[in-house]
There are 2 protein chains.
Amino acid sequence: MVVEHEEQPPLERRSRDPERTKEEILVVSTQEFADRGFAGARVDEIANKTRTTKRMIYYYFGSKELLYMAALERAYEDIRVVEANVDVEHLDPIRAIRRLAELTFDRHEANPNFSRLISQENVQRGQFVTKASGFPRLERPIIKILEQVLERGRADGVFVRDIDALDVHMLISSFCFFRINNRFTFAASFGRNLVEPDRRAMYREMIGDVVVDYLTTPSPEDH
Amino acid sequence: MVVEHEEQPPLERRSRDPERTKEEILVVSTQEFADRGFAGARVDEIANKTRTTKRMIYYYFGSKELLYMAALERAYEDIRVVEANVDVEHLDPIRAIRRLAELTFDRHEANPNFSRLISQENVQRGQFVTKASGFPRLERPIIKILEQVLERGRADGVFVRDIDALDVHMLISSFCFFRINNRFTFAASFGRNLVEPDRRAMYREMIGDVVVDYLTTPSPEDH
DNA sequence: GTCTTAATGTACGAACTGGAGAATTCGCGG
DNA sequence: CCGCGAATTCTCCAGTTCGTACATTAAGAC
């Protein structure tokens, strides 16, 4: 674990670049927290993986907890940016729903660290996101977009199921989240690799089908 | 943290009961690992919460890692027992699917520690379940049961979707798992309490509807 | 009874880990 | 070219935590 670091002569150890230093700490610590959890991550290890020192972490972030919160915040911010740039207004409701499902699907796949951080945070009962000390806004743009699509679908008469945007989002998210996050234990239990490329396309379509089928099927009278 | 323990005069501090001691360590450590994760859990703390000492943990389990694996194993075993006792053969395929969905739903709700352990294990990339040192069988009876139900449904012509038991199980599990496990960050992001009793019944029915709608709707020709 | 051995209790240590005090260096405005 | 504050480095520490060496006790065999 020592060798590989010496192999970087062109890595300009540029001094005095606070923004870059902060950014690097944030990126590395996100990875570490996602990998090992809050308790498992080591401040020393994070420092070693940056081009700066442990003291800098405390200089900029104050404590391990604050660093973790900063990383979590950043992760949410990234998601929000992606979601804010979605445009499905030109699609008919069914295609729009499929598109949104694919978006969430791709997002989970492209950014597994976000999910791992979230997972981590939930294991410890959301002790940081629920901190009264005001964890900043976590609103997610995708909900508004979903609401509009559902509205249009209902107006058109194609969506007949009584369900709101939040629950649709939960249905989609849960599927995408599980596939990425629980792939290790799932593979151990059932011997199926959920992220195998061959299967990926199938799941990507599947979640769209699931949601569309649900939205377009009337509630059963009896149950 | 000292007081409550003194309040148990009838708690026969029975010496020499290895089975009971082992069992107590396992129960307590499951709770602790689920609460704090592997790295976050403290061996001393686990010992304090049992009526035995840290020494016993090492005596019976050898190390923190082995204790964690024992707890994980036990959790899987519990699930397997529950699943093995399911009987849905007397139900028509649609009702059987709903019943199985409810079973998984209830299981996640009744035993959140299992899910948290699983979550924990996945955050650390399944480092223990995938250990070559042979983590014991993790097979789950529910898959066979699901397979039979799907088979009957297809024979009856009510299930027309081409999907296997494992993927149906994943769809159901993901929903139930997410609702329990991610309830903290979901509440923080969206302000919705996923485990609120009023909403519980709705979700319990919803996942059944989702799966049944999916299974009974033909694949779209275009996509 | 006593003997043997499994079970339990006590105390300690070595390594790790989050954190901070204080010195130092760099870059920039004047 | 100088001075000043921000950025960075160096060094050390106090508390924690896993793990263990060693002593002790209870329970059943005979």
Side-chain angles (χ1 to χ4, degrees), chain A residues 1-2 5-6 8 11-33 35-72 120 124 127-128, chain B residues 1-2 5-6 8 11-33 35-72 120 124 127-128:
Chain A
M1 60 170 73
V2 194
H5 264 213
E6 306 181 26
Q8 305 171 341
L11 236 182
E12 11 162 7
R13 184 175 194 73
R14 80 173 78 180
S15 298
R16 310 290 138 142
D17 191 339
E19 284 315 308
R20 188 180 171 76
T21 300
K22 264 204 269 201
E23 184 61 26
E24 202 180 341
I25 292 173
L26 217 44
V27 169
V28 171
S29 62
T30 299
Q31 181 70 46
E32 285 293 302
F33 283 131
D35 273 2
R36 328 219 178 210
F38 174 74
R42 299 287 164 244
V43 178
D44 282 299
E45 187 59 21
I46 293 172
N48 285 342
K49 291 190 176 172
T50 62
R51 268 166 298 169
T52 181
T53 65
K54 181 166 64 158
R55 194 66 189 78
M56 287 286 83
I57 293 175
Y58 287 92
Y59 183 66
Y60 284 120
F61 296 94
S63 74
K64 189 183 179 185
E65 282 203 6
L66 290 171
L67 176 62
Y68 176 84
M69 289 174 75
L72 196 57
Q120 176 57 34
Q124 53 204 11
Q127 59 173 133
F128 292 116
Chain B
M1 62 171 70
V2 195
H5 265 210
E6 305 181 25
Q8 305 170 341
L11 235 182
E12 7 158 11
R13 184 176 193 73
R14 79 174 78 179
S15 297
R16 310 290 140 143
D17 192 341
E19 284 316 307
R20 188 179 172 76
T21 301
K22 265 205 268 201
E23 184 61 25
E24 202 180 343
I25 292 174
L26 217 42
V27 169
V28 170
S29 61
T30 298
Q31 182 70 45
E32 285 293 301
F33 283 130
D35 272 3
R36 328 220 177 208
F38 174 74
R42 300 286 164 246
V43 178
D44 283 298
E45 186 60 22
I46 292 172
N48 285 342
K49 291 189 174 172
T50 62
R51 266 167 300 168
T52 180
T53 64
K54 184 166 62 158
R55 185 68 189 77
M56 288 291 90
I57 294 176
Y58 286 94
Y59 184 69
Y60 285 120
F61 296 94
S63 73
K64 189 182 177 185
E65 282 203 8
L66 289 171
L67 175 60
Y68 175 84
M69 288 174 74
L72 195 57
Q120 176 57 32
Q124 53 204 9
Q127 59 172 132
F128 293 116

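So you know, we letter chains A, B, ... as the sequences are listed, proteins then strands, and number each from 1. Values below: every heavy atom of this structure, side chains too, minus hydrogens, waters and symmetry copies.
- A:Tyr60 comes within 4.0 angstrom of the backbone, heavy atoms only, and of no base.
- Counting only distance, with no hydrogens or angles, the side chain of A:Arg55 and the backbone of A:Thr52 share no donor-acceptor pair below 3.5 Å.
- Residue A:Tyr59 places none of its side-chain N or O atoms closer than 4.0 Å to OP1 or OP2 of D:dA6.
- Summarising the geometry, the separation between CD1 on A:Ile46 and C1' on C:dT17 is reported as 12 Å, rounded to the nearest angstrom.
- Across all their heavy atoms, B:Ala47 and B:Lys54 have their closest contact at CB-N, 3.4 Å.
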One pair to check against ring pair (Phe, Tyr, Trp, His ring centres under 6.0 Å): B:Phe38 and B:Phe128. What are the steps and the verdict? CA-CA 11 Å; B:Phe38 174 74; B:Phe128 293 116; 5.3 Å; yes
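- Rounded to a whole Å, the CD1 atom of B:Ile25 is 11 Å from the C1' atom of C:dT8.
- The two atoms that bring B:Ala41 and B:Lys64 nearest to each other are O-NZ, 2.9 Å, heavy atoms only.
- The distance between atom CG of A:Asn48 and atom P of C:dG18, rounded to the nearest whole Å, is 12 Å.
- Between B:Thr21 and C:dA7 there is no side-chain N or O to OP1 or OP2 distance below 4.0 Å.
- Distance, A:Phe61 CZ to D:dT8 C1': 15 Å, rounded to whole Å.
- For the pair A:Met56 CE and C:dG21 C1', the interatomic distance rounds to 14 Å; values are reported in whole Å.
- The ring-ring contact (aromatic ring centres under 6.0 Å, His included) search around A:Tyr58 returns none, not counting sequence neighbours.
- Note: CD1 (A:Ile57) to P (D:dT9) measures 12 Å, nearest angstrom.
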At under 4.0 Å between heavy atoms, which parts of nucleotides 11-23 of chain D does protein reach? Answer with one letter per nucleotide, 5' to 3': B base, S sugar-phosphate only, - none. ------SBBBBB-
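- With hydrogens and angles ignored, the 3.5 Å screen pairs a side-chain donor or acceptor of A:Glu24 with a backbone N or O of A:Arg51.
- Summarising the geometry, the separation between NZ on B:Lys22 and P on C:dA6 is reported as 13 Å, rounded to the nearest angstrom.
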